There are 2 protein chains.
Amino acid sequence: MTAKRILVVEDEKAIRDMIAFGLRRAGYEVREAQDCREARARIVDTRPDLMLVDWMLPDMSGLELTRSLKRSKETEEIPVILLTARSEEQDKVSGLEGGADDYITKPFSPRELLARIQAVMRRAAPAGAADVLVADGLTLDDSSHRVSAGEREIPLGPTEYRLLHFFMTHPERVFSRGQLLDRVWGGNTYVEERTVDVHIRRLRKALEPFSLERLVQTVRGAGYRFSTRDA
Amino acid sequence: MTAKRILVVEDEKAIRDMIAFGLRRAGYEVREAQDCREARARIVDTRPDLMLVDWMLPDMSGLELTRSLKRSKETEEIPVILLTARSEEQDKVSGLEGGADDYITKPFSPRELLARIQAVMRRAAPAGAADVLVADGLTLDDSSHRVSAGEREIPLGPTEYRLLHFFMTHPERVFSRGQLLDRVWGGNTYVEERTVDVHIRRLRKALEPFSLERLVQTVRGAGYRFSTRDA
DNA sequence: TTCGAATGTGACAGTTGCGTGACGAGTTCA
DNA sequence: TGAACTCGTCACGCAACTGTCACATTCGAA
């Protein structure tokens, strides 16, 4: 897993440096911005995983920035933690109403900051909805992370599991190698397309002992398909 | 087992939010009230399993509220934990005399709060209603805080106990390290995710002499799972 | 049938994830 | 006060997993 990127929007350089220092030590990749205008530029070119935004900024309040981010489809999913100087109750209320995911009052300990960041990021990762998928004799229970044929469990590696999960949630459809890389591996990984073949092979091999390999079908010239109907 | 309901009675919104936030992340259902009047309304319509009551409230002191609750048949069984700003011995004494089940001074850590809540709920559980969890040869008796295999008791540290308890109340499900930190350690703590591994290890080690370590299973790339079915 | 392109398959080396023992700091209890 | 716990972190090592390659096989168009 690559390092998470955090964008720190804070006008006071001293504070910004301190925060950045602490975050880098904790293994995050840090980008900085002095004001809202610069923040917007950074958002576009670094696509941060989380933002720390000071309440008081020279050009526009952090709250307004947050609000406007949450209004845009592009940016609404980026979690925001607001930094405020005083623990004014009113601020907190409007901060959360404005769409911030958490707030923290200065002064704060590095540990507290890290705790909030971790908590917010965890929350941002949504819990899956569909739980038990069934196709022919094959069952995939996502909550227990088990795949089985009847009573017998089928051991799968992480990638094979994700691949099968994707297929079972999108049955009867052909996906090109490129599409599979996007949706199963994740948009910004670069691996050879033929790598997909290998994992298809591994998945089939795991299904073989149960004669279920026919569920994973090759569509020559197009890609692969998961289907209960025979090819 | 459905989620336990906790009613938080605290006038300062900031503190209330923080507490509620932590409790929700730990899996509780949280209701909030700003003062004693509102608290009474919530008690009636939500029947909480436990109450957290601030000492200083605008309309009536938390102590008085507690006293009056303990006088009524309807409400005397609801456990109450008092929150106070200072750790004055005097307060503590009168707090407990007033019928509170426990007492915690601000500031407190999320884990401390969770620990007290669990302890109080355990104590409050009616003696007869054995909340004993069993899985294979393993028994966890929450009322006596004992874990045993057959006749032999298994010694566990506090964290290992909470971990096992959480697992046994959520069997057959995979939890990531992050989720475990949320639900076992408490929502706002920052510790390395690998710390979970170490406690898993300690738990397994304690179960080893009874060949029960297989109940705690690793799901590579996903987290850990408690299951009686073999991996 | 033949040939080139697409796909299947086994092996390999680098990487990652997890298990494990050790250690220092902080707590609790006698 | 000191001994016994407990906790979080670290470093090391192994086993599982990953991506890539080379070679084999299959398919379809001509």
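The structure presented is a predicted model; accordingly, all values stated were derived computationally and were not measured.
Ionic pairing of A:Arg24 and A:Glu32 is present here: one or more N-O contacts between side-chain nitrogen and carboxylate oxygen are shorter than 4.0 angstrom. At a threshold of 4.0 Å, the pair A:Glu160-A:Arg162 does not count as salt-bridged, since none of the basic side-chain nitrogens sits closer than that to a carboxylate oxygen. Under 4.0 Å is where a charged nitrogen must lie from a carboxylate oxygen, and between B:Asp136 and B:Arg214 at least one such pair does.
When the C1' atom of D:dG19 is taken as reference, atom OH of A:Tyr190 falls 12 Å away, rounded to whole Å. When rounded to the nearest whole Å, the span between CZ of A:Arg201 and P of D:dG19 equals 17 Å. Spacing between atom CD of B:Glu208 and atom P of C:dT20 amounts to 7 Å, rounded to whole angstrom units. The interatomic distance linking B:Arg162 (CZ) with D:dT6 (P) rounds to 13 Å, in whole Å. Protein atom CZ of B:Arg204 is 7 Å distant from nucleotide atom P of C:dT20, rounded to whole Å. The distance between atom CD1 of A:Ile200 and atom C1' of C:dG8, rounded to the nearest whole Å, is 12 Å.
Phosphate contact (OP1/OP2 of C:dG10, side-chain N/O of A:Lys205, threshold under 4.0 Å): present. OP1 or OP2 of D:dG8 sits under 4.0 Å from a side-chain N or O of B:Trp185.
Listed nucleotides: D:dG19, C:dT7, C:dG19. Nearest to the side chain of B:Asp197: C:dG19. When distances are taken from the side chain of B:Val198 to each of C:dC18, D:dC10, D:dC21, the shortest belongs to D:dC10.
Aromatic rings of B:Phe175 and B:Phe166 (six-membered ring for Trp) have centroids within the 6.0 Å cut-off, being under it. Aromatic pair A:Phe226/A:His170: centroids not less than 6.0 angstrom apart.
Within 4.0 Å (heavy atoms only), A:Tyr161 reaches no atom of the nucleic acid at all.
Using the six-membered ring where Trp is involved, B:Tyr161 and B:His145 have ring planes that are parallel, under 30° apart on the 30 and 60° scheme.
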Write out a two-atom table: protein N or O, nucleotide N or O from nucleotides 11-17 of chain D, distance below 3.5 Å.
none

_Set out, in order, the CA-CA distance, both residues' side-chain angles and the distance that settles salt bridge (Lys or Arg N to Asp or Glu O under 4.0 Å) for B:Glu153 and B:Arg146, then state yes or no._
CA-CA 7 Å; B:Glu153 180 163 358; B:Arg146 262 181 225 279; 2.7 Å; yes
